[in-house]
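Each remark here refers to the structure printed beneath this line.
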Amino acid sequence: MSATPSPKRPPFAPDDPLGLDDLLDPEDLAIRASVRDWATDRVLPHIADWYERGELPGIRDLARELGSLGALGMSLEGYGCAGASAVQYGLACLELEAADSGIRSLVSVQGSLAMYAIHRFGSEEQKQRWLPGMAAGEIIGCFGLTEPDHGSDPAGMRTYAKRDGTDWVLTGRKMWITNGSVAGVAVVWAQTDDGIRGFAVPTDSPGFSAPEIKHKWSLRASVTSELVLDEVRLPADAVLPEVTGLRGPLSCLSHARYGIVWGAMGAARACFDSALEYARSREQFGRPIGGFQLTQAKLADMAVELHKGILLAHHLGRRMDAGRLRPEQVSFGKLNNVREAIEICRTARTVLGANGISLEYPVMRHATNLESVLTYEGTVEMHQLVLGKALTGLDAFR
């Protein structure tokens, strides 16, 4: 009898050293390719200029194009949404943030916060009114939870909604709201006599305004606003009927944080790729710097953390698709992947030397963006405490 020949091992792929693409099916790969091609064509040629100017021009056109791609409310079912898997949505987030965190934030806030809140907690009338236009990118949404004095402790929010006959009257302020000044609908969370409730607020309502926040040194190619609600009168059917309390907004945040787990690895990949290409071509002491041991050590460490992070994101995506993903596991992913992504960016900057601070390369742009990603939708400290409580059974929040 002849021995069964051993299967031929595939060659080592520097862009996929763990062979993670073997975990993806053809539809996953096709979605990833379509989002990557769009970002390469529509974002990368312009993003350095947008970032330097502190603008995201043509955001409405970009939203419609993202809607055509099926990237808005991507993992939601019905109402014009793509109904994609959690892994496919994650792959899209990775590719979008590899272009810029601001673009991924546009998609995350639209789909995982505003659309998700309406899809999960809204009435059928609210879903029919808002979701098809939002899925197509014709209507942009925002999500109002954070306040000037209440970020990590949303239970202390001061925005208040009171009854006036059958109407609701909202008064308060929200801060650091992505998409705020271009949104057609704002999902706003407010205190009421019955607990915290969510409201679908048309942004053309009298008393609603959204002044844009300027002078940012992070997420510069992103629309960030304050929301001001000055006795905004809404009909009774503006309230999201299916939830009361913090469970509503926190479940939305968990869904959005999942996208960040993937997205942060996109920013890290862009920086790693830039450093690797630079190390192969930049010569010092008569040869490429990639041939020196210290540079190779940096590249090896970056590659290990990058692909471990992608593997973690993929694992969490499979758990989400199986209905088994817990909020603590999302905290695990966001805490690790954003923290490691920042370290990869900083190490890549050292490989590029002085060129690392130039917008001719993506490294400093991603590094400054990730400083915001590190903080929003749960600071490092809050995710550490979520995991600490899960590990010990003891609540250290208060």
Side-chain angles (χ1 to χ4, degrees), residues 105 108-109 112-114 117 141-163 168-183 185-201 203 205 207-220 222-234 238-240 243-254 256-257 260 327 331 334-335 338 368-386 388-389 395-398:
S105 293
S108 288
V109 170
S112 291
L113 291 178
C142 67
F143 186 87
L145 179 63
T146 299
E147 297 188 355
D149 297 319
H150 296 280
S152 295
D153 182 19
M157 70 176 68
R158 296 175 183 171
T159 298
Y160 197 85
K162 64 180 180 181
R163 293 274 195 177
W168 292 92
V169 179
L170 272 66
T171 300
R173 294 169 62 203
K174 302 294 181 178
M175 197 69 173
W176 304 114
I177 308 302
T178 298
N179 301 344
S181 60
V182 295
V185 61
V187 174
V188 175
W189 300 90
Q191 299 277 10
T192 74
D193 289 343
D194 301 318
I196 292 172
R197 303 297 302 270
F199 296 84
V201 182
T203 59
S205 301
F208 181 96
S209 61
E212 190 170 351
I213 297 172
K214 301 289 188 179
H215 310 299
K216 298 178 298 177
W217 285 113
S218 180
L219 288 179
R220 289 176 57 77
S222 177
V223 174
T224 310
S225 309
E226 180 183 7
L227 303 185
V228 179
L229 301 111
D230 184 8
E231 296 190 345
V232 175
R233 181 173 293 273
L234 300 171
V239 70
L240 303 181
V243 71
T244 300
L246 278 177
R247 178 177 66 89
L250 293 184
S251 66
C252 300
L253 287 174
S254 185
R257 288 165 180 159
I260 292 173
S331 287
K334 183 179 187 288
L335 177 63
V338 180
T368 56
N369 283 340
L370 283 170
E371 291 293 343
S372 288
V373 179
L374 185 72
T375 301
Y376 70 23
E377 296 180 27
T379 64
V380 167
E381 293 81 4
M382 298 309 293
H383 289 297
Q384 287 173 323
L385 293 178
V386 167
K389 179 180 178 180
D395 189 348
F397 284 92
R398 298 184 184 279

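We use all heavy atoms of the structure for the numbers below, so side chains are in, but hydrogens, waters and symmetry mates are not.
A donor-acceptor pair is defined here as one N or O able to donate and one able to accept, closer than 3.5 Å; no such pair exists between the side chain of Lys334 and the backbone of Thr379. Side chain of Arg257 to backbone of Ser331: no donor-acceptor contact under 3.5 angstrom is found. With Thr192 contributing its side chain and Gly195 its backbone, the two residues share a donor-acceptor pair below 3.5 Å. Although no hydrogens or angles enter the test, the distance criterion places no donor-acceptor pair under 3.5 Å between the side chain of Ser112 and the main chain of Val109.
In plain terms, the two heavy atoms of Ala117 and Leu240 that are nearest each other are O-CD1, 4.1 Å. Shortest non-hydrogen contact noted between Leu170 and Ala161 is CD1-CB, 3.6 Å. Across all their heavy atoms, Leu385 and Ala396 have their closest contact at CD2-CB, 4.0 Å. Across every non-hydrogen atom of Val338 and Leu370, the tightest pair is CG1-O, 4.2 Å. When every heavy atom of Ser225 is checked against every heavy atom of Ser181, the shortest pair comes out as OG-N, 2.9 Å. The nearest pair of heavy atoms linking Cys142 to Thr178 is CB-O, 3.4 Å.
With contacts defined as side-chain heavy-atom distances shorter than 4.5 Å, the pair Pro154/Trp189 does not qualify. Counting heavy atoms from C-beta outward, Thr203 and Val185 have side chains that stay 4.5 Å or more apart. Using a 4.5 Å heavy-atom cutoff, the side chains of Thr159 and Gln191 are not in contact. In this structure the side chain of Asp230 never reaches within 4.5 angstrom of the side chain of Val232, judged on heavy atoms. Proximity of Leu335 to Val380: side-chain heavy atoms (C-beta onward) are separated by under 4.5 Å at one or more points.
The OG atom of Ser105 lies 8.0 Å from the CG atom of Asn369; values are rounded to the nearest 0.5 Å. The OG atom of Ser209 lies 8.5 Å from the CG atom of Leu227; values are rounded to the nearest 0.5 Å. Within the model, atoms CG of Leu253 and CE of Met382 stand 11.5 Å from one another, a figure rounded to the nearest 0.5 Å. Interatomic distance, OG1 of Thr146 versus CD of Glu377, reported as 8.5 Å (0.5 Å rounding). Here the straight-line distance linking atom CG of Leu145 with atom CG of Leu250 works out to 7.5 Å at 0.5 Å rounding. Atom OG of Ser372 and atom CZ of Arg220 lie 11.5 Å apart (nearest 0.5 Å).
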- Task: Kindly indicate, with the supporting measurements, whether the criterion side chain to side chain contact (heavy atoms under 4.5 Å, CB included) is fulfilled by Arg197 and Thr244.
- Result: CA-CA 5 Å; Arg197 303 297 302 270; Thr244 300; 3.4 Å; yes
- Message: The test is salt bridge (charged side-chain N to carboxylate O under 4.0 Å, His left out); show your working for Asp149 and Arg158 and say whether it passes.
- Response: CA-CA 9 Å; Asp149 297 319; Arg158 296 175 183 171; 3.3 Å; yes
- Evaluate the side chain to side chain contact (heavy atoms under 4.5 Å, CB included) criterion for residues Thr375 and Glu371: first the C-alpha distance (whole Å), next the side-chain angles of each, then the deciding distance (0.1 Å), finally the verdict. CA-CA 7 Å; Thr375 301; Glu371 291 293 343; over 6 Å; no
- Taking it one step at a time, do Lys174 and Val188 satisfy side chain to side chain contact (heavy atoms under 4.5 Å, CB included)? CA-CA 8 Å; Lys174 302 294 181 178; Val188 175; 4.1 Å; yes
- Message: Could you walk me through whether Trp217 and Thr368 satisfy the side chain to side chain contact (heavy atoms under 4.5 Å, CB included) test, starting with their C-alpha distance in whole Å, then the side-chain angles of each, then the deciding distance to 0.1 Å, before giving a yes or no?
- Response: CA-CA 7 Å; Trp217 285 113; Thr368 56; over 6 Å; no
- Item | Check against salt bridge (charged side-chain N to carboxylate O under 4.0 Å, His left out), Glu226 and Arg173 | CA-CA 7 Å; Glu226 180 183 7; Arg173 294 169 62 203; 2.5 Å; yes
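For Thr224, the side chain to side chain contact (heavy atoms under 4.5 Å, CB included) partners are Trp176, Ile213, Lys216, Ser222, not counting sequence neighbours. Scored by the side chain to side chain contact (heavy atoms under 4.5 Å, CB included) test, Asp395 finds Lys389, Phe397 as partners (sequence neighbours excluded). Here Trp168 pairs with Phe199 under the ring-ring contact (aromatic ring centres under 6.0 Å, His included) rule; sequence neighbours left out.
By the neighbour-count criterion of 12 heavy atoms within 6.0 Å, atom CD of Gln384 is densely surrounded, having more than that number from other residues, nucleotides or ligands.
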